[in-house]
Amino acid sequence: MSSIEDLVGAWLSIPELGDRLGLPQRQARKLVEEGVVLSARVGPNLARCIPADFVEDDHFLPGLEGTITVLRDAHLSDDDALLWLFTPDETLPIVGSPITMLQAHRKAEVRKRAAELAF
């Protein structure tokens with residue numbers, strides 16, 4: 001798990017996610033439990049956390065939820081989806097990883113590539 005933890009870098013605990021989104025902790029936990037966002041167990045206590053890059057200001061990145069759906073449709077586990085989203089890819093039009101593309105509001109290219117994983 002350390003490779004995912006290191007690759008992602010900054011993480012939000014469920015209470016921190018709630019604070020960033022302006023939601024009670026139980027609603028933030030429900031988002032994680034229902035699979036609205038990807039999460040992983042990280043840190044010394046293996047607490048369930050969400051990549052901080054998933055949140056922009058007080059909301060999820062535009063295009064994130066749909067991209068997660070495409071990755072799940074491609075049968076990627078949460079860990080594999082996180083690795084794919086955060087692994088640098090020099091073939092992208094913007095230097096960085098698929099999450100960098102989502103942060104630049106370029107979801108179409110990310111979803112196209114995610115859909116190709118199913119084949």
_Test of understanding: with side chain to side chain donor-acceptor pair (under 3.5 Å), list the residues that count as partners of Arg72, not counting sequence neighbours._
Asp78
_Suppose we screen for side chain to side chain donor-acceptor pair (under 3.5 Å). Which residues come up paired with Thr87, at least two apart in sequence or across chains?_
none
_Partner set under side chain to side chain contact (heavy atoms under 4.5 Å, CB included) for Ala52, not counting sequence neighbours_ = Ala10, Leu12
*What are the two closest non-hydrogen atoms of Leu17 and Ile50, and how far apart are they?*
CD2-CD1, 3.8 Å
*Does Arg106 have any salt bridge (Lys or Arg N to Asp or Glu O under 4.0 Å) partners at least two apart in sequence or in another chain, and if so, which?*
none
*Would you kindly confirm whether Leu83 and Val70 end up in one hydrophobic cluster when ILVMFWY residues are joined by side chain heavy atoms under 4.5 Å apart?*
no
_Show, in sequence, the C-alpha distance, side-chain angles and deciding distance for Phe54 and Leu102, and conclude whether the side-chain contact (heavy atoms from CB on, under 4.5 Å) test is met._
CA-CA 9 Å; Phe54 283 0; Leu102 289 177; over 6 Å; no
*Kindly compute the distance separating NE2 (His105) from NZ (Lys107), expressed to the nearest 0.5 Å.*
10.5 Å
*To the nearest 0.5 Å, what is the distance between CG (Leu31) and CZ (Phe60)?*
5.0 Å
*Is the shortest heavy-atom distance from the side chain of Val36 to the side chain of Val32 under 4.5 Å?*
no
*Got a sec, which pairs hit side-chain hydrogen bond (donor to acceptor under 3.5 Å, both in side chains) with one end in residues 18-27, sequence neighbours left out?*
none
*Work out which heavy atom in Leu82 is nearest to a heavy atom in Pro51; give both atom names and the distance.*
CD2-CG, 3.6 Å
*If you take all heavy atoms of Pro88 and Leu7, which pair is closest and at what distance?*
CD-CD1, 4.3 Å
*First locate atom CG of Leu38, then atom CG of Asp80, and finally report the distance between them rounded to the nearest 0.5 Å.*
10.5 Å
*Nearest-0.5 Å distance that lies between atom OG in Ser77 and atom CG in Leu71*: 10.0 Å
*salt bridge (Lys or Arg N to Asp or Glu O under 4.0 Å) with Arg113: which residues, sequence neighbours excluded?*
Asp89, Glu109
*What pairs of residues pass the salt bridge (Lys or Arg N to Asp or Glu O under 4.0 Å) test when at least one of them lies in residues 43-58, not counting sequence neighbours?*
none
Would you list the atom pairs, donor with acceptor, under 3.5 Å between side chains in residues 61-69 and any protein atom, with sequence neighbours excluded?
{"residue": "Thr67", "atom": "OG1", "partner": "Gly63", "partner atom": "O", "Å": "2.7"}
{"residue": "Thr67", "atom": "OG1", "partner": "Arg111", "partner atom": "NE", "Å": "3.3"}
{"residue": "Thr69", "atom": "OG1", "partner": "Glu65", "partner atom": "O", "Å": "3.1"}

*For the residue pair Leu92 and Ser97, what are the closest heavy atoms and their distance?*
CD1-C, 3.4 Å
*Indicate yes or no for a side-chain donor-acceptor contact from Glu16 to the backbone of Ser13 under 3.5 Å, with no hydrogens or angles considered.*
yes
*Sequence neighbours excluded, which residues qualify as salt bridge (Lys or Arg N to Asp or Glu O under 4.0 Å) partners of Glu90?*
none
*For Trp84 against Val110, the heavy-atom pair lying closest together*: CH2-O, 3.6 Å
_Checking Asp73 now: which residues fulfil salt bridge (Lys or Arg N to Asp or Glu O under 4.0 Å) with it, not counting sequence neighbours?_
none
